[in-house]
Structures are given as C-alpha cells and as structure tokens.
Amino acid sequence: MKVRGLPHSQPLTQPLGHEHGTNALCLTRLLAIEGDAMDYESVELLIGAVLALVPVAALVVAGLWCLKAPAKRMPWFFFLGPVASLIYSWTAGSLALTLFPPPYNAYFDSGRGLDLRGMIIVFGAMAGGAAGIVTSIVFCALNLMRQWSRSRASTTSRSMEHL
C-alpha cells in the first residue's frame, strides 16, 4: 500500500514529529491512500458498519411512529422489532457477502488456509441485529415509563382535587 507523502523507508506507525515539530501521528497522511479503488478490507469495514447501523435507524423510525399511537402499535413493535432484528442478523450478512464477495485468491481456493475475509460483514450484521433488539427493548421501556408517569400524574392530580 502506497501512501502519499511518506518515503518508502518510513513505516506508517512511526511518529512524524521530527518534520512537523510535534510527536503526533499525522492522520491526514496516513489516510491519503493512493489510487482510485478501495481495497476489499476498506469495503468490508464500510459494509459492516452500514449493516450494524441500518437496523438501529430503521427501528428508531418505527419506534417513533409507534409512539404516536402506543396503545395499538407498541405491542406489535414489542414483538416484531426483536423478531425482525433476529431475521436481519441471520440473513443480512450472507446477502451482503453474495453482493460483495471477497476477491478470488488461489491460495485459499486450494484449501491451504483459513479464509476469514468477509467476516467483518457477517459480524456487522450480527451486531446490527443485537443493536436492533436493544433498540426495541429501549423503546418499549420508554413507552412503559411514559405510561407510568402519565398514570401517576393523573392519580396525583385526582388525589389533590379531593383535598
């Protein structure tokens, strides 16, 4: 991997403080990778991050929609949110690997090694499914706390009227 601005003899992890007067790593130099195409590891990290965030974003939108009419919608959300997250965690990783397969490598094809390329995509989907379950539980707990505080406020106001 070639990085613009660094001589070939200087490793990427060496502090660049001698040139710039500080002892910090120059992140802009480390991230300035030459070439137009991303390597598979970068694509894998990007897809894994997207797969981890998609169910959280979807369940936040669905949870906010369900909070508009919680008596009708929250029981369904309490059931369908975790179920959809489990299904997502089981299927999203394999679907993403089908769409973005690792590049061919003759060494791994001959059975001489353990090919773990693409595991970040699978782990991203599994983390997204777990985060979706947690998001569903948090929204249901917020709904219960909101109902409890409303019922407590109404009983407190009724008891104050009797005084």
A.B. asks: Under a 4.5 Å side-chain heavy-atom rule over Ile, Leu, Val, Met, Phe, Trp and Tyr, are Met145 and Val138 clustered together?
C.D. replies: yes
A.B. asks: Just wondering, do Ser136 and Phe77 contact through their side chains at under 4.5 Å, heavy atoms?
C.D. replies: yes
A.B. asks: Please find the pair of heavy atoms, one from Ala96 and one from Ile47, that lie closest to each other, and give the distance.
C.D. replies: CB-CG2, 4.1 Å
A.B. asks: If every non-hydrogen atom of Cys140 is compared with every non-hydrogen atom of Phe78, which pair is closest and at what distance?
C.D. replies: SG-CD1, 3.3 Å
A.B. asks: Tell me whether Val43 is reachable from Leu99 by hopping between hydrophobic residues (I, L, V, M, F, W, Y) whose side-chain heavy atoms are closer than 4.5 Å.
C.D. replies: yes
A.B. asks: Considering residues at least two apart in sequence or located in another chain, which fulfil the salt bridge (Lys or Arg N to Asp or Glu O under 4.0 Å) criterion with Arg146?
C.D. replies: none
A.B. asks: Say you draw a straight line from CD of Gln147 to CG of Leu142; how long is it, rounded to the nearest 0.5 Å?
C.D. replies: 11.5 Å
A.B. asks: Report yes if some heavy atom in the side chain of Ser85 is under 4.5 Å from a heavy atom in the side chain of Leu59; otherwise report no.
C.D. replies: yes
A.B. asks: As an exercise, state the distance from CG of Asn143 to SG of Cys66, rounded to the nearest 0.5 Å.
C.D. replies: 9.0 Å
A.B. asks: If Ile, Leu, Val, Met, Phe, Trp and Tyr residues are connected whenever their side-chain heavy atoms lie under 4.5 Å apart, and connections chain through other members, are Val134 and Leu144 in the same group?
C.D. replies: no
A.B. asks: Knowing that exactly one of Ile121, Asp39, Leu97 qualifies, which makes a side-chain contact (heavy atoms from CB on, under 4.5 Å) with Glu44?
C.D. replies: Ile121
A.B. asks: Which heavy-atom pair separates Ser89 from Gly129 by the least distance, and what is that distance?
C.D. replies: CB-CA, 3.8 Å
A.B. asks: Could you see if Ile120 belongs to whatever hydrophobic cluster contains Leu51? Use Ile, Leu, Val, Met, Phe, Trp, Tyr and a side-chain cutoff under 4.5 Å.
C.D. replies: no
A.B. asks: Measure the CZ-CH2 distance between Arg73 and Trp65 for me, rounded to the nearest 0.5 Å.
C.D. replies: 4.0 Å
A.B. asks: Which Ile, Leu, Val, Met, Phe, Trp or Tyr residues join Ile87 in one cluster when any pair of side-chain heavy atoms under 4.5 Å counts as a link?
C.D. replies: Trp76, Phe79, Leu80, Val83
A.B. asks: Would Asn105 and Asp115 count as a side chain to side chain contact (heavy atoms under 4.5 Å, CB included) if you check the C-alpha gap in whole Å, the side-chain angles of each, and the deciding distance to 0.1 Å?
C.D. replies: CA-CA 9 Å; Asn105 189 332; Asp115 188 7; 5.9 Å; no
A.B. asks: Any link between Val122 and Phe100 through a network of hydrophobic side chains (Ile, Leu, Val, Met, Phe, Trp, Tyr) touching at under 4.5 Å?
C.D. replies: yes
A.B. asks: Looking only at heavy atoms, what is the nearest atom pair of Leu64 and Phe139, with distance?
C.D. replies: N-CE2, 3.8 Å
A.B. asks: Main chain of Gly132, side chain of Tyr88: is a donor-acceptor contact present, judged purely on distance under 3.5 Å?
C.D. replies: no
A.B. asks: Which heavy atom in Ala125 sits nearest to a heavy atom in Gly93, and how many Å separate them?
C.D. replies: CB-N, 3.4 Å
